Peer 1: 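Got a structure here, written out as structure tokens. Questions coming.
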Amino acid sequence: MKIVMLGAPGAGKGTQAEKIAAKYQIPTISTGNIFRKNMKEGTELGKQVQAIIEAGGLVPDELTNALVFDRLGNEDCKDGYILDGYPRTVPQAEAYLAFLAENNDKLDHAIDVDVPDESIVSRMSGRRVCPDCGETYHLVVNPPKTEGICNKCGAALIQRKDDAAETVQNRLTTYHDQTEPMISLYKERGMYDRVDGTQPIDKVFEDICAILG
Ligand code: ADP
Ligand code: ADP
Ligand code: ZN
């Protein structure tokens with residue numbers, strides 16, 4: 001099964017992607033996590049994308065497409081995968097769908113976790129992430145078992161630089177300008193499903209499971 005997660009920054013794509021991954025035993029590929037890992041390790045790629053990400057912009061399409069297509073060639077993707085945060089522009093979506101067609105493959109579901117902008121800001125300010133394994137928490141709705149510590153790997157949690165209130169505004173603008181227009185592309189192809197992302201995490205997951213079957 002191949003799934004694309006859609007939704008504004010902070011809508012809960014990553015949170016739901018991890019739950020789907022656990023239930024269906026397929027990997028999650030998060031371009032944001034890949035970029036952050038490279039930034040943390042100070043790789044060439046990390047240095048190339050850092051300023052863009054910290055300003056709330058988007059990494060160029062060609063670079064992102066090449067990175068994802070390479071990753072999708074891995075053995076662990078052969079039974080399916082969940083894309084979290086990719087595609088993020090109309091050209092990326094077109095390139096991805098062409099990549100699938102070339103491989104005689106198809107996308108099963110594009111799931112839109114729909115949350116209005118008003119709710120996004122409080123989600124972002126409470127978000128804490130693990131710099132080592134990428135696990136995501138929220139101070140109020142999804143806190144770690146021990147304050148400030150990752151449940152999965154024990155690392156000290158951090159707040160993402162791009163979750164600062166000023167940058168969140170830029171990212172929402174970027175989303176509406178460049179990412180949201182992708183939705184019609186999936187609708188035309190009959191791959192689009194929407195869930196109400198303002199519900200509690202487990203209820204959103206239930207709705208997604210009903211779509212996936
Ligand atoms: P969020 O969880 O808020 O949706 P992500 O972790 O997916 O954010 O992405 C963080 C940042 O990484 C984005 O704001 C953007 O700068 C960059 N990024 C991630 N995925 C892509 C992509 N597919 N294309 C371009 N830039 C991307
Ligand atoms: P995205 O990957 O779309 O950027 P995340 O999954 O990282 O979003 O979620 C953003 C923040 O909101 C995190 O702190 C997460 O714990 C929290 N969150 C996720 N889903 C919900 C929900 N249904 N209700 C309230 N908070 C949520
Ligand atoms: Zn961790």
Side-chain angles (χ1 to χ4, degrees), residues 4-20 28-39 45-46 48-68 71 82-93 95-96 111-115 119-144 146 148-163 167-168 170-175 178-179 182 195-208:
V4 163
M5 303 301 293
L6 305 174
K13 303 179 295 295
T15 301
Q16 297 300 328
E18 288 310 323
K19 294 173 82 71
I20 301 167
T28 298
I29 295 153
S30 157
T31 40
N33 280 350
I34 295 172
F35 291 139
R36 277 187 291 281
K37 186 161 184 284
N38 277 274
M39 279 158 49
L45 172 68
Q48 226 175 321
V49 302
Q50 184 145 8
I52 300 172
I53 290 179
E54 288 178 358
L58 291 180
V59 175
D61 290 336
E62 301 82 80
L63 199 166
T64 309
N65 289 335
L67 182 93
V68 172
R71 176 67 185 82
I82 306 151
L83 286 171
D84 166 21
Y86 176 90
R88 222 178 180 98
T89 64
V90 171
Q92 284 183 20
Y96 171 61
I111 298 180
D112 186 5
V113 184
D114 194 12
V115 175
S119 315
I120 295 291
V121 180
S122 68
R123 286 205 186 177
M124 299 300 229
S125 60
R127 173 154 67 182
R128 295 294 180 273
V129 298
C130 175
D132 287 351
C133 76
E135 189 75 359
T136 299
Y137 301 88
H138 189 279
L139 292 181
V140 180
V141 305
N142 186 22
T146 309
I149 301 295
C150 178
N151 291 347
K152 268 196 180 167
C153 76
L157 302 179
I158 58 158
Q159 181 164 27
R160 279 167 47 175
K161 255 194 181 165
D162 61 344
D163 278 351
T167 314
V168 169
N170 290 344
R171 290 162 65 204
L172 281 171
T173 306
T174 303
Y175 170 75
Q178 301 199 53
T179 306
M182 251 174 19
V195 293
D196 176 1
T198 64
Q199 307 175 97
I201 292 173
D202 287 337
K203 182 65 177 73
V204 178
F205 185 55
E206 234 176 70
D207 289 358
I208 291 176

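Numbering of ligands and ligand atoms starts at 1, following listing order. Everything quoted here is computed from the prediction, not taken from an experiment.
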Peer 1: Only heavy atoms of Ala8, strictly under 4.0 Å: list the atoms of ligand 2 that pass.
Peer 2: 3 (O)
Peer 1: Any donor-acceptor pair under 3.5 Å linking the side chain of Asn142 with the backbone of His138?
Peer 2: no
Peer 1: So if I count the atoms of ligand 1 from 1 in the order they appear, which ones are less than 4.0 Å from some heavy atom of Thr64?
Peer 2: 22 (C), 23 (N), 24 (N), 25 (C)
Peer 1: Among all protein non-hydrogen atoms, which one is nearest to atom 14 (O) of ligand 2, and what is the separation to 0.1 Å?
Peer 2: Tyr137 O, 2.7 Å
Peer 1: Report yes if some heavy atom in the side chain of Val204 is under 4.5 Å from a heavy atom in the side chain of Thr15; otherwise report no.
Peer 2: no
Peer 1: Check Ala8 against Ile120 and note the closest heavy-atom contact, atom names and distance.
Peer 2: CB-CD1, 4.1 Å
Peer 1: Quick check: closest heavy atoms across Pro9 and Arg171, and the distance to 0.1 Å?
Peer 2: CB-NH2, 3.7 Å
Peer 1: Starting from atom 15 (C) of ligand 2, what is the nearest protein heavy atom, named by residue and atom, and what distance separates them?
Peer 2: Thr15 OG1, 3.8 Å
Peer 1: Counting non-hydrogen protein atoms only, what is the nearest one to atom 21 (C) of ligand 2? Give residue, atom name and distance.
Peer 2: Ile201 CG1, 3.4 Å
Peer 1: Quick one: look at Thr136 and ligand 2, take heavy-atom pairs under 4.0 Å, and tell me if it's side chain, backbone, both or neither.
Peer 2: side chain
Peer 1: Please say whether Arg171 places an N or O atom under 3.5 Å from an N or O atom belonging to ligand 1.
Peer 2: yes
Peer 1: Which option, Met39, Glu54, Arg36, Arg88, owns the non-hydrogen atom nearest atom 6 (O) of ligand 1?
Peer 2: Arg36
Peer 1: Return the option from Gln199, Glu18, His138 holding the heavy atom at the smallest distance from atom 17 (C) of ligand 2.
Peer 2: His138
Peer 1: Could you grab the distance from atom OH of Tyr175 to atom CG of Leu6, nearest 0.5 Å is fine?
Peer 2: 7.0 Å
Peer 1: Quick check on Gly10 - does any of its heavy atoms sit under 4.0 Å from an atom of ligand 2?
Peer 2: yes
Peer 1: Residue-level breakdown please: for Met124 versus ligand 2, do any non-hydrogen atoms fall below 4.0 Å on the side chain, on the backbone, on both, or on neither?
Peer 2: neither
Peer 1: Only heavy atoms of Tyr86, strictly under 4.0 Å: list the atoms of ligand 1 that pass.
Peer 2: 23 (N)
Peer 1: Say whether, by atom type as modelled, one donor and one acceptor occur between the side chain of Thr179 and the main chain of Arg88 under 3.5 angstrom.
Peer 2: yes
Peer 1: Could you list which atoms of ligand 2 come closer than 4.0 Å to a heavy atom of Gly197?
Peer 2: 23 (N)
Peer 1: Hydrogens and angles aside, do Asp207 and Gln199 bring a side-chain donor and acceptor to less than 3.5 Å of each other?
Peer 2: yes
Peer 1: Give a yes/no verdict on whether any heavy atom in Gly14 is under 4.0 Å from an atom of ligand 1.
Peer 2: no
Peer 1: For a 4.5 angstrom cut-off between non-hydrogen side-chain atoms, does Gln16 reach Ile201?
Peer 2: yes
Peer 1: Give the minimum heavy-atom separation between Thr146 and Asn151, together with the two atoms involved.
Peer 2: N-OD1, 4.5 Å
Peer 1: Would you please test Arg123 and Asp163 for salt bridge (Lys or Arg N to Asp or Glu O under 4.0 Å) and show each step?
Peer 2: CA-CA 9 Å; Arg123 286 205 186 177; Asp163 278 351; over 6 Å; no
Peer 1: Quick one: angle Cys133 SG - the Zn ion (ligand 3) - Cys150 SG, to the nearest 10°?
Peer 2: 110°
Peer 1: Under 4.0 Å from a heavy atom of Lys13: give me the atoms of ligand 1 that qualify, with their elements.
Peer 2: 4 (O)
Peer 1: Tell me which protein heavy atom sits closest to atom 20 (N) of ligand 1, plus the residue, atom name and distance to 0.1 Å.
Peer 2: Thr31 OG1, 2.7 Å
Peer 1: Under 3.5 Å, is there a donor-acceptor pair between the side chain of Asn33 and the main chain of Ile29?
Peer 2: no
Peer 1: Please give me the minimum heavy-atom distance between Val4 and Tyr86, naming the atom from each residue.
Peer 2: CG1-O, 4.0 Å
Peer 1: Compute the minimum heavy-atom distance from Ile52 to ligand 1 and say whether it is under 4.0 Å.
Peer 2: no
Peer 1: Out of Gln178, Met5, Gln92, whose heavy atom is nearest to atom 24 (N) of ligand 1?
Peer 2: Gln92
Peer 1: Just distances here: any N/O of Pro9 and N/O of ligand 2 closer than 3.5 Å?
Peer 2: no
Peer 1: Give a yes or no answer on whether the side chain of Thr28 reaches the backbone of Asp84 with a donor-acceptor pair at less than 3.5 Å.
Peer 2: no
Peer 1: In the protein, which heavy atom is nearest to atom 11 (C) of ligand 1, and how far is it?
Peer 2: Ile53 CG2, 4.0 Å
Peer 1: Which protein non-hydrogen atom lies closest to atom 26 (N) of ligand 1, naming both residue and atom, and how far is it?
Peer 2: Val59 N, 3.1 Å
Peer 1: Under the 3.5 angstrom rule, does the side chain of Lys13 hit a backbone N or O of Met5 as a donor-acceptor pair?
Peer 2: no
Peer 1: Is it the side chain (CB and beyond), the backbone, both or neither of Gln50 that lies under 4.0 Å from ligand 1, heavy atoms counted?
Peer 2: neither
Peer 1: What residue and atom, counting heavy atoms only, is the protein's closest point to atom 8 (O) of ligand 2, and at what distance?
Peer 2: Gly12 N, 3.1 Å
Peer 1: Write down the atom of Ile52, the atom of Val59, and the distance for their closest heavy-atom approach.
Peer 2: CG2-N, 3.8 Å
Peer 1: Which heavy atom in Ile53 sits nearest to a heavy atom in Met39, and how many Å separate them?
Peer 2: CD1-SD, 3.8 Å
Peer 1: Going from CD on Gln178 to CG on Asp61, what distance comes out if it is rounded to the nearest 0.5 angstrom?
Peer 2: 8.0 Å
Peer 1: With a cut-off of 4.0 Å, which atoms of ligand 2 are near a heavy atom of Pro200?
Peer 2: 23 (N)
Peer 1: Say whether Gly32 and ligand 2 are in contact under the criterion: heavy-atom distance to a ligand atom below 4.0 Å.
Peer 2: no
Peer 1: Are any of the N/O atoms on Asp162, whether in the backbone or the side chain, positioned under 3.5 angstrom from an N/O atom of ligand 1?
Peer 2: no
Peer 1: Counting heavy atoms only, which of Arg123, Glu135, Arg127 comes nearest to atom 27 (C) of ligand 2?
Peer 2: Arg123
Peer 1: Quick one: nearest non-hydrogen protein atom to atom 16 (O) of ligand 1, plus distance?
Peer 2: Gly57 O, 2.6 Å
Peer 1: Just jot down the ligand 2 atoms closer than 4.0 angstrom to any heavy atom of Val141, in number order.
Peer 2: 25 (C), 26 (N), 27 (C)
Peer 1: Counting heavy atoms not belonging to Lys37, are there more than 12 under 6.0 Å from its NZ?
Peer 2: no
Peer 1: Of the side chain and backbone of Ala17, name the one, both, or neither that has a heavy atom under 4.0 Å from an atom of ligand 2.
Peer 2: neither
